[in-house]
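Numbering of residues begins at 1 and proceeds along the displayed sequence.
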Amino acid sequence: MPKFERAVIVSDRIRGHYHQSLGVAEWLERLGGVEIDSSIVGVPDMTAADRILKLKLFVRGLEVHGGSFSREWLKSFGVRWKKYEPGTTLFISAGSKAAPFCLALAKATKNKCAVLMTPSVIGTKSFDYAIVPEHDKPKKAGNVITTLGAPNHIYIPALKDIASQYFSGKNLEGHKVIALLIGGSDANYKINSRWAKNVLTPLREIRDAKFLITTSRRTGEGVEETIEEIFSGLPSVELMFLYSRMPNQNSITAILGAATHVLVTEDSVSMVSEAVTAGFKVGLIRLPRTTDPIKHMLGFGARRFDELFAKMAGMGLIEDFGNDINFPSFINSIEQKHGVDFNEAKRAAEWILYS
């Protein structure tokens with residue numbers, strides 16, 4: 001008998017968060033026969049008053065009260081759920097917004113819950129399983145496992161088939177195929193058109209390869225326009241996916257299935273983790289940083305990601321270009337693979353099933 005009959009994903013509709021939850025759920029299915037319930041529970045849209053009163057002030061009640069409080073709390077948001085028998089179901093979520101709903105659903109139905117990442121306000125102690133990035137520096141606890149980077153849904157045996165379907169008709173076989181995965185600005189990093197011109201323009205000089213280029217929701221239209229200018233007219237560009245124009249298209253899995261080399265900007269731990277899970281030694285492209293001396297002094301912000309990347313580099317999972325980028329040297333080999341057995345979603349699923 002499996003430890004759980006089913007896994008239910010509680011989603012905030014952020015693609016990266018969903019893929020983290022899905023990755024763990026799929027490994028629960030592969031290893032333990034746990035069915036992935038098709039009825040994803042979506043986190044409701046909230047007014048400012050809801051976020052302050054119900055989500056931030058009353059969410060603590062979920063930690064100390066039983067199922068009746070949780071059921072009423074969920075109903076106040078209009079959340080609906082199936083009837084699940086006690087002890088049969090694992091609710092899984094990633095990110096701060098979805099975490100309280102994941103916990104409430106588990107309490108309301110007398111089941112278990114797993115959270116990925118470190119949710120603000122509510123923390124991890126009330127969850128049955130907390131899957132937390134090592135760079136978040138969580139306190140040791142029996143319900144916590146740390147991961148190197150972000151668990152994800154990448155499954156190597158499926159990549160080639162996905163790529164062949166997605167790129168049907170493209171002439172990629174027998175070529176070096178460079179995946180360029182570009183993130184964007186956030187609280188720790190800043191990316192602008194000047195950076196794009198200075199750093200990415202030298203890639204135009206690489207003649208013996210095909211390019212698959214994708215941006216993210218944080219890249220910004222101005223930077224995307226610059227990227228388009230840099231690579232426009234090059235016959236070597238087989239795909240240019242600009243997020244602002246095609247926000248609902250997801251091509252990362254197909255790109256990783258077709259690529260021989262992967263370049264990723266340092267701001268996206270998720271994309272770095274996906275590429276490393278796919279078996280690639282990732283070329284890490286550094287970005288300009290925001291200046292916050294207090295964060296730096298306390299070891300937060302981008303500094304904690306430096307520790308993550310240093311560990312990955314030590315394991316041979318990434319090549320950190322630093323300030324001296326040498327694209328031709330990285331691309332000179334036929335392919336860049338690390339040969340390390342690395343899959344944090346699988347490891348987290350094993351922990352849930354066998355702990």
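- Here the side chain of Arg286 pairs no donor or acceptor atom with the backbone of Glu266 at under 3.5 angstrom.
- At distances below 3.5 Å, at least one donor-acceptor pair connects side-chain atoms of Ser96 with backbone N or O atoms of Ser120.
- Remark: side-chain polar atoms of Lys125 are not paired, donor with acceptor, to backbone N or O of Asn143 under 3.5 angstrom.
- Residue pairs satisfying the ring pair (Phe, Tyr, Trp, His ring centres under 6.0 Å) criterion with at least one member in residues 99-120, sequence neighbours excluded, are listed as follows: Trp73-Phe101, Phe77-Phe101.
- Linking Ile, Leu, Val, Met, Phe, Trp and Tyr whenever their side-chain heavy atoms come within less than 4.5 Å puts Leu159 and Leu180 in one cluster.
- More than 12 heavy atoms of other residues, nucleotides or ligands lie within 6.0 Å of NZ in Lys97, so this atom counts as buried by the packing criterion.
- With contacts defined as side-chain heavy-atom distances shorter than 4.5 Å, the pair Phe330/Leu263 qualifies.
- The heavy-atom pair separating Ala163 from Ala254 by the smallest distance is CB-O, 3.4 Å.
- Note that Arg30 lies in the cation-pi zone of Tyr155, set by a 6.0 Å cut-off to the ring centre and a 45° limit from the axis.
- Nearest heavy-atom pair, Gly184 versus Ser216, reported as atom, atom and distance to 0.1 Å: N-OG, 4.1 Å.
- In this structure, CD1 in Ile156 is found 8.0 Å from OG1 in Thr277, a value given to the nearest 0.5 Å.
- Legend: residues meeting salt bridge (Lys or Arg N to Asp or Glu O under 4.0 Å) with Lys197, ordered by chain and number and at least two apart, are absent.
- In this structure a side-chain-to-backbone donor-acceptor pair under 3.5 Å is missing from Ser236 to Lys210.
- Using modelled atom types, one side-chain atom of Asn152 and one backbone atom of Ala150 make a donor-acceptor pair closer than 3.5 Å.
- A donor-acceptor pair under 3.5 Å links the side-chain atoms of Asp12 to the main chain of Ile14, judged by distance alone.
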Test Val34 against Leu353 for side chain to side chain contact (heavy atoms under 4.5 Å, CB included), laying out the working first. CA-CA 10 Å; Val34 179; Leu353 290 170; 4.3 Å; yes
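- Between Cys102 and Val115 the shortest side-chain heavy-atom distance does not fall below 4.5 Å.
- Nearest heavy-atom pair across Ala196 and Val223 is CB-CG1, 4.4 Å.
- Tyr129 has its side chain out of reach of Val24: every pair of non-hydrogen atoms, C-beta onward, lies at least 4.5 Å apart.
- The CG atom of Leu90 sits 12.0 Å away from the CG atom of Asp37 when rounded to the nearest 0.5 Å.
- Annotation for Ala258 and Leu172: closest pair CB-CD1, 4.0 Å, computed over non-hydrogen atoms.
- The same ILVMFWY cluster, assembled from side-chain heavy atoms under 4.5 Å apart, contains both Leu148 and Val276.
- Crowding of Asp341 atom CG: a count of heavy atoms from other residues, nucleotides or ligands under 6.0 Å not exceeding 12.
- With hydrophobic clusters built from ILVMFWY side chains whose heavy atoms lie under 4.5 angstrom apart, Leu116 does not share a cluster with Val269.
- Looking at every heavy atom in both residues, Val282 comes nearest to Ala275 through CG2-CB, 3.5 Å.
- Ion pairing between Glu350 and Arg347 fails under the 4.0 Å rule for side-chain N and carboxylate O.
- Lys281 NZ to His261 NE2: the interatomic distance, rounded to the nearest 0.5 Å, is 11.0 Å.
- No hydrogens or angles considered: a donor-acceptor pair under 3.5 Å links the side chains of His153 and Thr253.
- Residue-environment remark: CZ (Arg194) stays at or below the threshold of 12 foreign heavy atoms within 6.0 Å.
- In this structure, the side chain of Lys107 does not engage the main chain of Gly67 through any donor-acceptor pair within 3.5 Å.
- Contact of the Val199 side chain with the Ile285 side chain is registered, since non-hydrogen atoms from C-beta on lie closer than 4.5 Å.
- To the nearest 0.5 Å, atom CD1 of residue Ile255 and atom OG1 of residue Thr214 are 5.0 Å apart.
- Under a cutoff of 6.0 Å and an axis angle of 45°, Lys337 and Phe280 form a cation-pi pair.
- When the side chains of ILVMFWY residues are joined at heavy-atom separations under 4.5 Å, either directly or via intervening members, Phe91 and Phe4 end up in two distinct hydrophobic clusters.
- Here the closest heavy-atom approach between residue Ile352 and residue Ala114 is recorded as CD1-CB, 4.4 Å.
- Side-chain N or O atoms of Thr89 include none that pairs as donor or acceptor with a backbone N or O of Asn111 at under 3.5 Å.
- Note that OG of Ser273 is 8.0 Å distant from CD of Gln20, once rounded to the nearest 0.5 Å.
- In this pair, Phe231 and Phe211 present their aromatic rings tilted. The plane angle is within the 30 to 60° band.
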Can Lys176 and Asp208 be said to form a side chain to side chain contact (heavy atoms under 4.5 Å, CB included), step by step? CA-CA 7 Å; Lys176 291 180 184 178; Asp208 59 339; 3.9 Å; yes
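- No side-chain heavy atom of Asn188 sits under 4.5 Å from any side-chain heavy atom of Arg303.
- In this structure, a donor-acceptor pair under 3.5 Å is present between the side chains of Arg6 and Thr88.
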Dump the intermediate steps for side chain to side chain contact (heavy atoms under 4.5 Å, CB included) on His175 and Glu238, then the final yes or no. CA-CA 12 Å; His175 293 277; Glu238 293 287 348; over 6 Å; no
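- Taking CG from Leu31 and OH from Tyr354, the interatomic distance works out to 5.0 Å, rounded to the nearest 0.5 Å.
- By the salt bridge (Lys or Arg N to Asp or Glu O under 4.0 Å) test, Glu134 pairs with Lys311, sequence neighbours left out.
- Ring planes of Phe241 and Tyr243: perpendicular class, angle over 60° (limits at 30 and 60°).
- Neither side chain, Ser185 nor Arg218, offers a donor N or O lying under 3.5 Å from an acceptor on the other.
- Residues Phe305 and His135 meet the side-chain proximity criterion, which asks for heavy atoms closer than 4.5 Å.
- Residues Pro119 and Thr124 meet the side-chain proximity criterion, which asks for heavy atoms closer than 4.5 Å.
- Both Ile227 and Leu234 sit in one connected hydrophobic cluster of ILVMFWY residues. Membership requires side-chain heavy atoms under 4.5 Å apart, directly or through other members.
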Give the intermediate values and the outcome of side chain to side chain contact (heavy atoms under 4.5 Å, CB included) for residues Leu308 and Val272. CA-CA 11 Å; Leu308 162 67; Val272 171; over 6 Å; no
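- At a threshold of 4.5 Å between non-hydrogen side-chain atoms, the residues His17 and Met117 count as touching.
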